[in-house]
Amino acid sequence: MELGFGATGAWAAGWFDESRAEEVLRTALTRGITHFDTAGFYADGRADERLARALQRLAPGGAVYGRQLTVSTKIGKRIGPDGRLVRDFSEHAIRDAVERHTTLFGGHRPDIVYLHGPDEKERHGSLPLLQRLKADGLIGAIGECQDGPGLAEAVCTDGIDVVMARYHFLNTSHREAFRTAKRNGKKVISIAPLAQGMWRRGIFIPKRLSDVWGLARALIRDPKTLLAAQKSGWIRRVDGWPPAHLAMGFVRMNEAIDVVLTTSTRPYHLEEVADGFARDLPREIAALLSVHGAQ
Ligand SMILES: NC(=O)c1ccc[n+]([C@@H]2O[C@H](COP(=O)([O-])OP(=O)(O)OC[C@H]3O[C@@H](n4cnc5c(N)ncnc54)[C@H](OP(=O)(O)O)[C@@H]3O)[C@@H](O)[C@H]2O)c1
């Protein structure tokens, strides 16, 4: 299992200073992270551009310390002429996204192209072209990021090599689908390992713009998890175990997962996550997290 970094969210936002974003990325690379996830439609098109610029400086030639990087992108949404996101799984949109990525990353093809939350028709409509692009060597692997029933379909679909979905101590609903994916020979990428930091003590008193952004996202997109996370205050009081270590340790116990994607705007947070990723959870804490995550 390896740790990966998601180039999205606050890290990619225009208001987050690019040199600070690069510092976070430098931390990722020095901590041995070589797997990066992004999309052409994240952060108004800034996320993959920012990632490409930073990697060009920090990991020229797509490698660092002799290790080749893996960079993924996504299709299924594009930025429309008025700046809004448009759902689009058309051949034109897929080819555009692949070309955009390859150009941005100095001629390196996307290692994984994820279908972003397709329905069954969109999935089966897109797969033949993605398989041709893969056979022609223009993309590395075909992935799908999903949630709920869509993931259950994706893990049983021939032609999908990689699946991506959330998994953390407050939401293990994809556990069975991950197992099936593994049985079917697919790679499993888990996201939101920290439950997006919703358990943070000061979450309702944001200190920075990135904190305001994170709180707004939690309130709008996932108030249920925010409530559960705030109820799980005990994870902030486990001796010798910062909550980020507990959260990462919990995800690491799932043997079906190949890559755990996190993100951050603070180098010291990423350091803490990387430290936590290297620790094994004591059995009794693991049991507590499994049973009483939200208490
Ligand atoms: N979740 C989704 O909906 C989704 C969908 C598709 C793809 N993805 C991919 O998955 C990646 C992971 O994103 P995620 O937001 O789901 O990940 P996550 O790792 O669960 O949460 C990241 C959040 O946790 C905070 N954090 C990081 N380290 C911390 C620490 N040591 N202590 C306290 N808080 C900490 C970060 O805030 P700071 O900036 O303050 O560190 C950030 O807001 C994305 O970047 C993207 O590539 C996610």
Side-chain angles (χ1 to χ4, degrees), residues 3-13 15-17 20-21 23-25 27-28 31 33 35-43 47-48 50-51 70-77 85 112 114-118 143-148 150-151 162-171 174 188-203 206-218 220-222 225-226 229 235-236 241-252 257 259-277 279:
L3 185 61
F5 183 83
T8 178
W11 180 90
W15 43 260
F16 185 60
D17 186 64
R20 289 171 69 190
E23 263 325 292
V24 177
L25 211 66
T27 304
R31 293 305 304 249
I33 291 175
H35 190 116
F36 296 91
D37 176 61
T38 191
F41 54 83
Y42 280 167
D48 58 351
R50 178 170 278 184
L51 178 66
T70 296
V71 185
S72 56
T73 192
K74 306 193 181 69
I75 54 151
K77 285 190 183 141
L85 282 183
I112 309 168
Y114 290 97
L115 291 150
H116 189 266
E144 181 166 326
C145 48
Q146 269 292 3
D147 208 33
L151 182 69
V162 189
V163 291
M164 175 193 280
R166 72 186 59 225
Y167 184 84
H168 53 74
F169 72 100
L170 294 169
N171 184 347
H174 293 139
V188 175
I189 316 294
S190 78
I191 57 175
L194 300 167
Q196 303 187 325
M198 290 190 212
W199 35 261
R200 281 197 255 179
R201 193 191 304 277
I203 193 164
K207 289 198 183 90
R208 289 205 205 163
L209 215 45
S210 56
D211 300 336
V212 175
W213 184 92
L215 176 60
R217 175 179 64 173
I220 294 165
R221 290 214 201 147
D222 202 355
T225 305
L226 178 60
I235 70 157
R236 299 192 295 251
W241 286 86
H245 286 202
L246 295 176
M248 294 312 287
F250 180 81
V251 174
R252 267 204 45 203
I257 297 172
V259 181
V260 183
L261 279 182
T262 186
T263 191
S264 180
T265 53
R266 293 168 161 101
Y268 67 88
H269 269 175
L270 191 56
E271 293 276 9
E272 187 173 59
V273 167
D275 288 344
F277 192 71
R279 292 180 80 182

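Atoms considered below: every heavy atom in the structure, side chains included; atoms not considered: hydrogens, waters and symmetry mates. In each ligand, atom 1 is the first atom listed, and ligand 1 is the first ligand listed.
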**Prompt:** How far apart are the C-alpha atoms of T73 and Y114, what are their side-chain angles, what is the distance that settles it, and do they pass the side-chain contact (heavy atoms from CB on, under 4.5 Å) test?
**Reply:** CA-CA 6 Å; T73 192; Y114 290 97; over 6 Å; no

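By the 4.0 Å N-to-carboxylate-O rule, R31 lies close enough to D275 to be salt-bridged with it. Classification of R266 and D211 as a salt-bridged pair holds, one side-chain N sitting under 4.0 Å from a carboxylate O.
Closest heavy-atom contact between D48 and G40: OD2-CA, 3.2 Å.
The number of heavy-atom neighbours closer than 6.0 Å to CZ of R221, taken from other residues, nucleotides and ligands shown, is 12 or below.
Near ligand 1, heavy-atom contacts under 4.0 Å come from G6, T8, D37, Y42, M164, R166, I191, A192, P193, L194, A195, Q196, G197, W199, R200, R217, A244, L261, T262, T263, S264, T265, R266, H269, E272, V273.
In this pair, Y167 and F250 present their aromatic rings parallel. The plane angle is below 30°, not in the 30 to 60° band.
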